[in-house]
Student: 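One structure, as structure tokens, below. Some questions next.
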Amino acid sequence: QVQLVESGGGSVQAGGSLRLSCAFSEYADSTDCMGWFRQAPGKERDRVASTYTTDGSTYYADSVKGRFTISRDSAKNTLYLQMNNLKPDDTAVYYCAADDRWAGCPSQGSNYRYWGQGTQVTVSS
């Protein structure tokens, strides 16, 4: 069974940094695609970043390019999202997601089978 547990959220001022962690069960280590999504109040859940281990490719939303970095440590069964130069627009609940059915990482959250419970990130101006 695949289990994902996020941590590392919190409140920070604009310009600050946070690192989110997603601990995953050993079975999840076989999933090729893992990613981070976020959902702000009244908005849809959008993909922020993803990583596909088969070819090492990564994806970043335009709004976070150059500020966020996704990484996966299989030895520690953990997915990370390093977030630097945070902005108030980054305020959202952040979710870790995984799937192993596709060639590549889907853009739509509905195509991910496994989800964490979410962690709140609040950035104040």
Student: Can you measure from OG1 (T51) to CE (M34) and round to the nearest 0.5 angstrom?
Tutor: 9.5 Å
Student: Without swapping roles, check the side chain of Q39 against the backbone of A92 for a donor-acceptor pair under 3.5 Å.
Tutor: no
Student: Kindly write out the residues that satisfy side-chain contact (heavy atoms from CB on, under 4.5 Å) with S17, not counting sequence neighbours, or none if the list is empty.
Tutor: Q82, N84
Student: According to salt bridge (Lys or Arg N to Asp or Glu O under 4.0 Å), who are the partners of D89, at least two apart in sequence or on a separate chain?
Tutor: none
Student: Show me the pairs that pass salt bridge (charged side-chain N to carboxylate O under 4.0 Å, His left out) and involve residues 34-47, at least two apart or across chains.
Tutor: R38-D90
Student: Quick one: are F68 and L81 in side-chain contact, heavy atoms under 4.5 Å?
Tutor: yes
Student: Please give me the minimum heavy-atom distance between V5 and Q117, naming the atom from each residue.
Tutor: CA-OE1, 3.7 Å
Student: Would you mind listing the cluster partners of Y52? Hydrophobic ones only (ILVMFWY), side-chain contacts under 4.5 Å, chaining allowed.
Tutor: none
Student: Quick one: salt bridge (Lys or Arg N to Asp or Glu O under 4.0 Å) partners of D62, sequence neighbours excluded?
Tutor: K65
Student: Is the backbone of G35 close enough, under 3.5 Å, to the side chain of S50 for a donor and an acceptor to pair up by distance?
Tutor: no
Student: Can you name the residues that form a side-chain contact (heavy atoms from CB on, under 4.5 Å) with A23, not counting sequence neighbours?
Tutor: none
Student: Does anything in residues 98-123 form a ring-ring contact (aromatic ring centres under 6.0 Å, His included)? List the pairs, not counting sequence neighbours.
Tutor: F37-Y112, F37-W115
Student: Please collect all ring-ring contact (aromatic ring centres under 6.0 Å, His included) contacts where either partner lies in residues 77-101, sequence neighbours excluded, each pair once.
Tutor: none
Student: Can you run down the salt bridge (charged side-chain N to carboxylate O under 4.0 Å, His left out) pairs that involve residues 116-125, sequence neighbours left out, and say none if there aren't any?
Tutor: none
Student: Are Y60 and W36 connected into the same hydrophobic cluster when the rule is that any two of I, L, V, M, F, W, Y join if their side-chain heavy atoms are below 4.5 Å apart?
Tutor: yes
Student: Sequence neighbours excluded, which residues qualify as side-chain contact (heavy atoms from CB on, under 4.5 Å) partners of T122?
Tutor: S11, T91, Q120
Student: Go through the structure and list residues passing side chain to side chain donor-acceptor pair (under 3.5 Å) with R113, not counting sequence neighbours.
Tutor: D100
Student: Treat each ILVMFWY residue as a node, draw an edge where side-chain heavy atoms are under 4.5 Å apart, and state whether V12 and V93 are in one component.
Tutor: no
Student: Nearest 0.5 angstrom please: L20 CG to T78 OG1, how far?
Tutor: 12.5 Å
Student: Can you name the salt bridge (Lys or Arg N to Asp or Glu O under 4.0 Å) partners of R101, sequence neighbours left out?
Tutor: D99
